[in-house]
Amino acid sequence: MLFDRDGTLIEDVPYNADPGRVRPVPGARRALDRLRRAGVPVGVVTNQSGVARGLVSPDALEDVNRRVEELLGPFAVWAVCPHGEDDRCACRKPAPGLVLHAAAVLGVDARDCVVVGDIGRDVEAARAAGARGILVPTPVTLPEEVAAAPEVAADLAVAVDLALRPAPAFPDLPASPGAPAVPAAPVPAASESTALAPTAPISTAPASAASESTAPASPASIVPAATARADTEEPA
């Protein structure tokens with residue numbers, strides 16, 4: 001089960017480079033621990049264009065993610081897009097790259113993954129990867145995004161309840177406003193999901209995750225590339 005970071009697992013602090021400002025959303029640790037007890041691997045898929053913008057250093061990003069793990073427990077995979085909107089990478093949500101990458105690291109089919117996020121691009125990334133998407137709205141979630149989401153949960157506890165049940169059958173729904181029209185596609189082989197053009201997501205596993213994860217992500221270098229709602233889902 002894959003989670004967006006900012007606005008979903010922790011409070012959204014745009015371009016946060018300070019671990020001291022990390023605050024879990026209510027019920028996040030309880031929901032994650034429930035999944036861990038059930039033997040469900042949990043991971044994070046997050047856009048972090050603050051790196052490309054020069055607002056967050058790679059080391060600061062790692063420090064913030066480590067603090068997230070201190071508060072919420074270990075994650076089996078971290079899939080992070082450090083690119084900007086203009087980089088046209090294949091990993092930045094709503095593109096499917098982060099979801100495909102995380103699934104490959106975990107050794108599972110993306111169609112067996114559930115992605116939980118607070119805005120439309122999280123659901124669109126899931127849809128594009130062939131995964132199941134669940135929206136947990138917050139005050140920044142647009143009404144159109146709620147209407148377009150195949151499944152909506154009031155909070156993380158309800159999202160976990162839904163995820164642990166069989167997925168309902170839904171007709172194809174319209175994409176959220178501003179999202180590319182990307183149909184759900186068959187999941188590529190693992191070798192394809194890590195060869196995203198023109199740039200790939202970084203995959204990090206803070207040290208605390210190594211002993212807990214059954215399939216820890218390998219450290220990788222951040223590829224430098226060069227809120228208000230327009231980009232503060234950004235930390236997402």
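These values consider heavy atoms only, across backbone and side chains, with no hydrogens, waters or symmetry-generated copies.
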| task | Sorted by first residue and then second, give each salt bridge (Lys or Arg N to Asp or Glu O under 4.0 Å) pair with at least one member in residues 17-30; sequence neighbours left out. | result |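 Listed by first then second residue: R29-D33.
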
Closest approach of [X] and [Y], non-hydrogen atoms and distance?
| X | Y | result |
| --- | --- | --- |
| C113 | V108 | SG-CG2, 3.8 Å |
| A76 | P41 | CB-CB, 4.3 Å |
| C91 | H83 | SG-ND1, 3.2 Å |
| A125 | V99 | O-CG2, 4.1 Å |
| V42 | P74 | CG2-O, 4.0 Å |
| A95 | A90 | CB-O, 3.4 Å |

Let me confirm one number: the [atom1]-[atom2] distance from [X] to [Y], rounded to the nearest 0.5 Å.
| X | Y | atom1 | atom2 | value |
| --- | --- | --- | --- | --- |
| L72 | R36 | CG | CZ | 7.0 Å |
| L106 | H101 | CG | NE2 | 9.5 Å |
| D109 | L100 | CG | CG | 9.5 Å |
| N16 | L55 | CG | CG | 11.5 Å |
| N65 | F75 | CG | CZ | 9.5 Å |
| F3 | I134 | CZ | CD1 | 8.5 Å |

| field | side-chain contact (heavy atoms from CB on, under 4.5 Å) against L71, all qualifying residues, sequence neighbours excluded | value |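 For L71, the residues satisfying side-chain contact (heavy atoms from CB on, under 4.5 Å) (neighbours in sequence not counted) are V22, P24, R67.
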
| What pairs with V25 under side-chain contact (heavy atoms from CB on, under 4.5 Å), at least two apart in sequence or on another chain? |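 In terms of side-chain contact (heavy atoms from CB on, under 4.5 Å), with neighbours along the sequence ignored, V25 is linked to A28, L156.
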
Would you say [X] and [Y] make side-chain contact, with heavy atoms under 4.5 Å?
| X | Y | result |
| --- | --- | --- |
| P19 | R66 | no |
| V80 | R5 | no |
| M1 | L32 | no |

Has [X] got a side-chain atom pairing as donor or acceptor with [Y]'s backbone, closer than 3.5 angstrom?
| X | Y | value |
| --- | --- | --- |
| N47 | K93 | yes |
| D87 | C89 | no |
| R92 | S49 | no |

| task | Before giving the answer on side-chain contact (heavy atoms from CB on, under 4.5 Å), spell out for L35 and L164 the whole-Å C-alpha distance, their side-chain angles and the decisive distance to 0.1 Å. | result | CA-CA 9 Å; L35 291 167; L164 293 177; 4.1 Å; yes

| Where do R121 and E124 land on the salt bridge (Lys or Arg N to Asp or Glu O under 4.0 Å) test, with the steps shown first? | CA-CA 5 Å; R121 67 176 54 202; E124 290 302 322; over 6 Å; no

| Step-by-step side-chain contact (heavy atoms from CB on, under 4.5 Å) determination, E11 to T138 | CA-CA 10 Å; E11 294 178 4; T138 69; over 6 Å; no

| request: Tell me, with the steps shown, if L135 and T141 meet side-chain contact (heavy atoms from CB on, under 4.5 Å). | output: CA-CA 9 Å; L135 185 73; T141 311; 3.9 Å; yes

